[in-house]
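These notes concern the structure reproduced below.
Values below: all heavy atoms of this structure, side chains included; hydrogens, waters and symmetry mates excluded. Index from 1, following the sequence.
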Amino acid sequence: RILDKYYNYLVIPLGFPEHVTVLIGISLGGKAVSGVVHQPFYGPVGRSVWGMLGLGVRGATCIPAGDAHEKLKEGLKIVVTRSHMTQLVQDTVDSLKPAENIRVGGSGNKILMVLEGLVDIYLFPSIGTKKWDTCAGEALVHATGGKLTDILGRQLVYSGQADNIMNSEGIIVTMRGHDDLVARIPQHVKDVFS
């Protein structure tokens, strides 16, 4: 995978080795069921976070999932892309009025930030991530009771078809209040994807 090598060669010299992740996701019947997110530059020796539906997650201390229907409170921490910021992403973030907006690289890295409670939301209302960026992390999120959907609140489908590699309706990752967040996405953003 040339793009992965390009990304790794780009982020390490720029001083962001902790953003690098190696992702292994397994899907069954179109759904993410198991995954490994390896961070080779985490701490002195790296770490692997792995999990499976029905088993949970190992290798990280994950926050307990809350109710997907719960109303989100003020003071949210949001993580977004470091390198693919668009006006659509910025408009969406601004509409949510977060207390903190963190920009980092690597989908796997951002998903782990949500799982560990470092942020409340990973938001990417744009075309750009691919199924291989989300399958492993989605399995971990679901194994802990959180949600990962597209920007309209629909489940991603991992079909294995060559024409279905893009997450063309963006992604949202949360451990609580997912439905409230989807409802708060500005209509002009949703219109782009519907």
For [X], give me all partners under side-chain contact (heavy atoms from CB on, under 4.5 Å), at least two apart in sequence or on another chain.
| X | result |
| --- | --- |
| V57 | V49, C62, L140, A143, T144 |
| T61 | none |
| S95 | P186 |
| A32 | C135, E138, A139, Y158 |

Closest approach of [X] and [Y], non-hydrogen atoms and distance?
| X | Y | value |
| --- | --- | --- |
| P125 | V189 | CB-CG1, 4.0 Å |
| V192 | H188 | CG2-O, 3.4 Å |
| V20 | P40 | O-CD, 3.6 Å |
| S107 | Y122 | OG-OH, 3.2 Å |
| A136 | L23 | CB-CB, 4.3 Å |
| R154 | T149 | O-CB, 3.2 Å |

Table please: side-chain donor-acceptor pairs of residues 108-115 below 3.5 Å, with sequence neighbours left out.
unit_1: N109; atom_1: OD1; unit_2: Q39; atom_2: NE2; d: 3.4
unit_1: N109; atom_1: ND2; unit_2: G105; atom_2: O; d: 3.1
unit_1: K110; atom_1: NZ; unit_2: V104; atom_2: O; d: 3.0

Do [X] and [Y] land in one hydrophobic cluster if side-chain heavy atoms of ILVMFWY residues count as linked below 4.5 Å?
| X | Y | answer |
| --- | --- | --- |
| V141 | V33 | no |
| M52 | M175 | no |
| L53 | V173 | no |

Partners of [X] by salt bridge (Lys or Arg N to Asp or Glu O under 4.0 Å), sequence neighbours excluded?
| X | value |
| --- | --- |
| D180 | K71, R184 |
| R47 | E116 |
| K147 | D179 |

Candidate pair V22 and V36, rule side chain to side chain contact (heavy atoms under 4.5 Å, CB included), full reasoning
CA-CA 8 Å; V22 179; V36 177; over 6 Å; no
In the structure I gave you, are the side-chain heavy atoms of S194 and L152 within less than 4.5 Å of one another anywhere?
yes
Answer yes or no: is there a side-chain heavy-atom contact under 4.5 Å between W132 and I24?
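Answer no - side chains too far apart.
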Where at least one partner belongs to residues 57-67, residue pairs that pass salt bridge (charged side-chain N to carboxylate O under 4.0 Å, His left out), sequence neighbours excluded:
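Residue pairs with at least one partner in residues 57-67: there are none.
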So, the side chain of D120 versus the backbone of L76: is there a donor-acceptor pair under 3.5 Å, distance only?
no
So does V89 get a backbone contact from the side chain of T86, meaning a donor-acceptor N/O pair under 3.5 Å?
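Here the side-chain-to-backbone pair exists.
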Nearest 0.5 angstrom please: [X] [atom1] to [Y] [atom2], how far?
| X | Y | atom1 | atom2 | answer |
| --- | --- | --- | --- | --- |
| T129 | I171 | OG1 | CD1 | 4.5 Å |
| L118 | I63 | CG | CD1 | 9.0 Å |
| I78 | N101 | CD1 | CG | 6.5 Å |
| S168 | L156 | OG | CG | 9.5 Å |
| I172 | F124 | CD1 | CZ | 12.5 Å |
| K190 | D150 | NZ | CG | 10.5 Å |

Can L96 and L181 be said to form a side chain to side chain contact (heavy atoms under 4.5 Å, CB included), step by step?
CA-CA 8 Å; L96 297 172; L181 176 64; 3.5 Å; yes
Pairs flagged by side chain to side chain donor-acceptor pair (under 3.5 Å) wherever residues 28-38 is involved - sequence neighbours left out:
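Those involving residues 28-38 are H38-S48.
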Check whether the side chains of N167 and K131 place a donor and an acceptor atom closer than 3.5 Å, and report yes or no.
yes
Atom CD of E74 with >12 non-hydrogen neighbours under 6.0 angstrom:
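Atom CD in E74 is not packed in, count stays at 12 or less.
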Supply the members, apart from Y42, of the Ile/Leu/Val/Met/Phe/Trp/Tyr cluster built from side-chain contacts under 4.5 Å; use none for a lone residue.
none
Test question: given the 4.5 Å side-chain rule for I, L, V, M, F, W and Y, name all other residues clustered with V157, or answer none.
none
Going through the checks in order, is the side chain to side chain contact (heavy atoms under 4.5 Å, CB included) test met by V80 and T92?
CA-CA 11 Å; V80 297; T92 306; over 6 Å; no
